[in-house]
Amino acid sequence: MRIPLVIGNWKMNGTLVEARALATAVRDGLKRPRGTEVVLCPPFTALAAVSEIVAGTPIGLGAQNCHAEASGAHTGEVAPPMLVELGCRLVLLGHSERRKELGETDDQINRKVAGVLAHGLTPVLCVGESGEERRQGLTFTTVEGQLRAGLAGLDGASIARTVLAYEPVWAIGTGVNATPAQAAEVHGYVRGLVSELTSKEIAQTVRIVYGGSVKADNADALMGEADIDGALVGGASLNASGFIAIVRKAARGAASRGE
Ligand code: PGA
């Protein structure tokens with residue numbers, strides 16, 4: 001019912017030479033990805049090159065961020081129509097690294113979500129608690145606040161087109177992933193909240209992916225959970241064979257759940 005989605009978030013990695021080699025290796029290793037949607041998010045500078053490499057294949061292209069507006073006096077920013085022109089179908093928004101390093105606010109992220117939807121792109125709204133928030137028992141409070149603010153003002157149809165990513169900050173780039181049970185608990189909570197914000201039917205269609213130290217050797221267990229609809233992969237997406245293994249495990253996980 002929900003096709004799993006595996007996104008490679010290359011972050012600030014990949015010169016053109018490196019990006020071409022990685023995208024080519026992923027493309028050649030995944031000639032016919034079965035039962036999974038795969039999207040690569042290289043840095044802006046490599047989008048055009050990777051777009052050419054994956055053109056005509058089932059592998060999609062995504063960006064790691066964008067501005068809310070379609071054009072204007074915003075030095076250094078990239079607008080949704082520019083991404084559409086390059087063949088992007090998806091944009092990561094509200095990644096914790098941007099929230100933390102650049103002070104991105106829920107309000108800015110909300111405007112970006114609406115902005116990318118207006119241009120037919122799929123927003124991937126990232127939410128997640130810090131280690132301190134988890135220790136203080138504030139996981140659900142934080143995730144709820146980020147979701148309500150990030151999705152504010154959107155109608156059910158818009159939320160249905162949005163992908164949600166649960167990425168506990170303490171698990172990102174640390175090698176310490178959330179356990180399948182920890183992730184499943186929050187994914188179930190997120191789906192419940194989407195149901196409250198929209199309807200039960202829409203909540204059943206929204207994909208909620210997990211991110212935070214996903215690797216080939218923990219993907220099976222995470223992807224086997226009913227409410228985990230794929231992965232947002234950072235570090236492990238920089239290695240083609242490791243990333244491909246994660247894609248295959250996501251497909252197997254969904255198949256074993258009867259989806
Ligand atoms: P990681 O990053 O897989 O390196 O933990 C995930 C992310 O930040 O999207």
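Counting starts at 1 for both ligands and their atoms, following the listed order. For clarity, every value in this text was computed on a predicted model and none was experimentally measured.
Atom NZ of K249 and atom OG1 of T36 lie 13.5 Å apart (nearest 0.5 Å). Note that CG of L86 is 5.5 Å distant from CG of L47, once rounded to the nearest 0.5 Å.
Sorted by first and then second residue, the salt bridge (Lys or Arg N to Asp or Glu O under 4.0 Å) pairs involving residues 186-199 (not counting sequence neighbours) are R148-E196, R191-D227, R191-D229. Sorted by first and then second residue, the pairs that involve residues 78-92 and meet salt bridge (Lys or Arg N to Asp or Glu O under 4.0 Å), not counting sequence neighbours, are E37-R89.
Considering only residues two or more places apart in sequence or on other chains, F140 meets the ring-ring contact (aromatic ring centres under 6.0 Å, His included) condition with Y189.
Enumerated by chain and number, the residues approaching ligand 1 to less than 4.0 Å through a heavy atom are N9, K11, H95, E167, A171, I172, G173, G212, S213, L232, V233, G234, G235.
For the pair K112 and E104, the salt-bridge criterion is met [side-chain N within less than 4.0 Å of a carboxylate O].
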